[in-house]
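Keep in mind that the numbers below use all heavy atoms, side chains included, and drop hydrogens, waters and symmetry copies. Throughout, protein chains are lettered first and strands after them, A, B, ... in sequence-line order, and every chain is numbered starting at 1.
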Number of protein chains: 2
Amino acid sequence: MKRTKKKAFREFIAQKGLKSTRQRDIILDAFLSSDRHMSIEELYLKLRAKHPNIGYATVYRTLKLFAESGIAREIQFGDGQTRYEHVAEGEHHDHLVCTHCGTIIEFENETIEKLQDEVAQSHDFIIETHKLELYGICGKCRK
Amino acid sequence: MKRTKKKAFREFIAQKGLKSTRQRDIILDAFLSSDRHMSIEELYLKLRAKHPNIGYATVYRTLKLFAESGIAREIQFGDGQTRYEHVAEGEHHDHLVCTHCGTIIEFENETIEKLQDEVAQSHDFIIETHKLELYGICGKCRK
DNA sequence: GACAGAAATGAAAGTGATTTTCATAAACAA
DNA sequence: TTGTTTATGAAAATCACTTTCATTTCTGTC
């Protein structure tokens with residue numbers, strides 16, 4: 001999987017006529033070996049430990065590139081920070097967010113997706129993407 | 001409906017020991033007679049036409065008050081602008097957003113809501129709120 | 001109606017998270 | 001190796017709020 005994404009990104013770079021750089025490799029490795037929902041800030045701080053000379057702007061631009069290439073996706077949970085999550089080929093999932101501890105759980109539900117398509121159809125829409133987030137309190141935090 | 005909301009807001013103001021001001025009345029009228037999804041900026045510009053002396057901060061603060069009072073709700077469509085939508089008592093709905101022309105259509109779907117609860121339950125979550133947005137192209141824009 | 005005290009307002013400054021600019025450094029093709 | 005193009009890092013600029021603060025308004029009282 002990790003291999004696949006590295007390859008996918010390399011191909012994207014090549015096909016766009018962009019350049020392969022040391023920084024992009026480092027950031028890609030850091031991203032791939034990270035939590036599934038990293039903000040720019042989080043990734044930047046993680047990188048600074050080993051590579052204090054990488055700039056914030058580079059992390060920012062590279063993460064955008066990941067999203068463009070299709071190996072990552074931007075998500076917002078309303079806390080004012082843009083996060084990037086890994087995208088698995090052809091897979092889509094939604095999120096359960098604990099408003100108390102911030103834990104994020106991913107889930108998939110075929111039936112919901114199907115119903116969404118029906119709703120869209122009935123309004124003459126063709127869906128490109130969707131966002132479904134359930135905010136609440138997780139079991140741990142309730143105790 | 002408009003009457004009800006005005007009354008609801010007046011009651012909120014009174015009960016909180018806040019003051020009834022000319023600006024709040026003006027902003028409330030403008031909000032109630034607007035599109036269902038206004039950003040602060042949009043409402044501010046609309047107001048400036050007739051009331052050039054009302055400040056942005058006042059619009060911002062008043063919209064927050066509307067949300068607190070329950071007659072409005074904050075929503076985000078990922079374009080970086082916070083919008084406020086009218087809230088009808090006890091009603092909840094989700095959105096279809098045309099990524100081409102920006103049209104926003106509201107819809108409700110009982111079955112989806114029920115399935116969401118099931119998902120939450122299976123992860124030991126208790127849902128407080130949720131956000132479901134379907135992004136796509138509307139019929140008009142496809143032509 | 002005049003007042004005191006509490007709130008609200010508007011202009012401007014401050015914030016936080018990006019986003020862009022620009023001089024310099026690295027890639028890549030020839 | 002060189003010329004050309006793209007990327008990088010530091011710093012400045014943006015954007016969409018948010019807060020501050022000197023003034024104005026409200027509102028219950030006298």
**Request:** Please work out if A/Q81 contacts a base, only the sugar-phosphate, or nothing of the nucleic acid, heavy-atom cut-off 4.0 Å.
**Result:** sugar-phosphate
**Complete:** Checking A/F12, A/Y84, A/F9 against A/F66 for ring pair (Phe, Tyr, Trp, His ring centres under 6.0 Å), the one that qualifies is A/F9
**Fill in**
Residues at least two apart in sequence or cross-chain that pass side chain to side chain donor-acceptor pair (under 3.5 Å) with B/T58, listed by chain then number, are none
**Request:** Answer yes or no: does a side-chain N or O of A/Y60 lie under 4.0 Å from OP1 or OP2 of C/dT18?
**Result:** no
**Complete:** 5' to 3', nucleotides 3-11 of chain C under a 4.0 Å protein heavy-atom cut-off (B base, S sugar-phosphate only, - none) gives --BBSSBBB
**Item:** With B/D25 via side chain to side chain donor-acceptor pair (under 3.5 Å) - residues at least two apart
**Value:** none
**Request:** Name the nucleic acid region contacted by A/K64, choosing base, sugar-phosphate or nothing; use a 4.0 angstrom heavy-atom cut-off, strictly under.
**Result:** sugar-phosphate
**Request:** Return each pair, listed once, that meets salt bridge (charged side-chain N to carboxylate O under 4.0 Å, His left out) where at least one residue sits in residues 59-74 of chain B; pairs must be two or more places apart or across chains.
**Result:** B/K64-B/E74, B/R73-B/E85
**Prompt:** Which residues pass the side chain to side chain donor-acceptor pair (under 3.5 Å) test with A/H86, sequence neighbours left out?
**Reply:** none
**Prompt:** Could you give all pairs that pass the salt bridge (charged side-chain N to carboxylate O under 4.0 Å, His left out) test and reach residues 122-143 of chain B, with sequence neighbours left out?
**Reply:** A/D124-B/R142, A/R142-B/D124
**Request:** Using heavy atoms and a sub-4.0 Å distance, could you list which residues of residues 66-77 of chain A are near DNA chain D? By number, please.
**Result:** none
**Request:** Shoot me the first and last contacting nucleotide of DNA chain D against chain B, ordered 5' to 3', at under 4.0 angstrom to non-hydrogen atoms.
**Result:** D/dA16 to D/dT27
**Request:** Starting at atom CG of A/L63, determine the distance to atom C1' of C/dT19, rounded to an integer number of angstrom.
**Result:** 14 Å
**Fill in**
Applying ring-ring contact (aromatic ring centres under 6.0 Å, His included) to B/Y60 and not counting sequence neighbours gives none
**Message:** Just to verify, what does B/F107 make a ring-ring contact (aromatic ring centres under 6.0 Å, His included) with, not counting sequence neighbours?
**Reply:** none
**Request:** Could you pull out all residues at least two apart from B/T129 that satisfy side chain to side chain contact (heavy atoms under 4.5 Å, CB included)?
**Result:** A/Y135
**Complete:** Sequence neighbours excluded, the answer for side chain to side chain donor-acceptor pair (under 3.5 Å) partners of B/D79 is B/R83
